[in-house]
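This report concerns only the one structure given below.
Ligands are counted one by one from 1 in listed order, and the atoms in each one are counted from 1 as well. Source: prediction; values computed, not measured.
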Amino acid sequence: MPKSSSNILAMKLLRRNSLKNLLLLFTLVFILYIFGVFHHLFETNFYDEFHYPYDGDIEVFVEKLKHNITPDVKPINMYNYNFDKNPSFKCFNIENLRLVFLVKSSPENFDQRIAIRSTWGFERRFSDVEIRTVFLLGQKNNMILQQSVDEESRRFSDIVQGNFTDSYYNNTFKTMMGLEWASKYCSKASFYMIVDDDYYVSTKNVLRFIRYPSNYPDYLIHPMTNIQILLKQRHIQQLDDLELPDDARLYAGYVFNSSPHRHMTSKWYVSLTEYPYHMWPPYVTGGATLFSQIALIDMYYASFYTKHFRFDDIYVGLLAYKTKIEPCHCSEFFFYNKAYNKLNYQYTVASHGFKDPKELIHVWTEQKSLGNA
Ligand SMILES: *[C@@H]1O[C@H](CO)[C@@H](O)[C@H](O)[C@H]1NC(C)=O
Ligand SMILES: *[C@@H]1O[C@H](CO)[C@@H](O)[C@H](O)[C@H]1NC(C)=O
């Protein structure tokens, strides 16, 4: 073979190889990109420099808004939905309203709402504790469905419906509608719980939890040991002295300290433009979140000065962070389905995965008869 043609062949091979290598490299880079590796490289450290619009101290604005004074800086975030349905009289003239359930539901989930009204959302569960329950709904573009919702609303007067589209990425609208409704029409309750309609909730354990959030369920498990040590340590005479004070800002549930998903195929993918930091603020994972009155109202007004975010639990976490409310973690709020047996739900406050109303009624009734719900 002449020298030149072997050279050409070698070059061809080389070129083919380098093309192959280039292709390989490109594929690798692309895969790393999809998996979010480069995103991570360009993330900003949350602990070093976190700011999220509005950039400034918003607590002054919150205080002003709470007292009906117009702040100097215009709000940067206003939700412009309307209440299509508003049972505004729900909380009128109730002395000592202890707990309000704000249940995130969807227009078509009639059966789940029926089950909740007769189980954990039952307003007359305790003769000496005032409880109220409302359901938060958006709109589905379906007239027949809406007629049934209208009918249900006439019958039970517990539907709060906004004129935004009821969809997963509009969840923040729904949660914020709950905060707005509570702040405007039901602002005197001691506690509020925002819960999804596919949860089991033990009403009894919620009430136990809110008495001693930092010692739940310890004070139930070791009533005579732990608590007495604690009382001694803190030079306190009685258990009642440990109760959560009325002005406490409680934002409680299962707390996550986690990072944004940068994996591009993820349902929870978040771009750097949308959120540049390597961590979320600590937040109560969605599904079941408890607020004391002041926490809820502060966070509602904080939303006027906090840029919208499409994941509602993250958004509420941002509101808490900006108003300096520290989330309170309790592992008895199960954001997943805690496998059920008769004996292991004694201290459970909430558990996910009860889409089937029959299952909810069964578990709740059984736990109620055991004194746990
Ligand atoms: C909801 O109602 C408000 C106020 O009437 C209106 O400005 C807004 O466009 C409505 N939104 C939708 C999606 O219909
Ligand atoms: C959220 O609701 C608004 C108002 O109804 C609607 O315009 C928008 O398309 C909805 N977004 C999603 C993601 O469904």
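Note that atom 14 (O) of ligand 2 has protein non-hydrogen atoms nearby, at separations under 4.0 angstrom. The protein reaches atom 2 (O) of ligand 2 closely, with a heavy atom under 4.0 angstrom from it.
When each of D84, D166, N170 is tested with Q139 by the rule side-chain hydrogen bond (donor to acceptor under 3.5 Å, both in side chains), just one qualifies, namely D84.
The closest non-hydrogen atom to atom 8 (C) of ligand 2, taken over N141, T172, N170, comes from N170.
Within the cation-pi definition used here (under 6.0 Å to the ring centroid, within 45° of the axis), R208 does not qualify as a partner of Y216.
The aromatic ring centres of W280 and Y275 sit less than 6.0 Å apart.
Of all the atoms in ligand 2, the ones that sit under 4.0 Å from a non-hydrogen atom of S167 are 12 (C), 13 (C), 14 (O).
Looking only at protein heavy atoms, the nearest one to atom 7 (O) of ligand 1 is N80 ND2, 3.9 Å. With hydrogens left out, the protein atom closest to atom 5 (O) of ligand 2 is T165 N, 2.9 Å, a heavy atom. Residue, atom and distance of the protein heavy atom nearest to atom 12 (C) of ligand 1 are N163 O, 3.4 Å.
Counting heavy atoms of neighbouring residues, nucleotides and ligands inside a 6.0 Å radius, atom NZ of K66 exceeds 12 of them. Within 6.0 Å of atom CD in E274, more than 12 heavy atoms from other residues, nucleotides or ligands are found, so the atom counts as buried in its surroundings.
Residue pairs meeting the disulfide (SG to SG under 2.5 Å) criterion with at least one member in residues 31-88, sequence neighbours excluded, do not occur.
The backbone N or O of N344 sits less than 3.5 Å from a side-chain atom of N341, completing a donor-acceptor pair.
Here's the thing with Y169: none of its N/O atoms is less than 3.5 angstrom from an N/O atom of ligand 2. At under 3.5 Å, not a single nitrogen or oxygen of Y81, backbone or side chain, sits near a nitrogen or oxygen of ligand 1.
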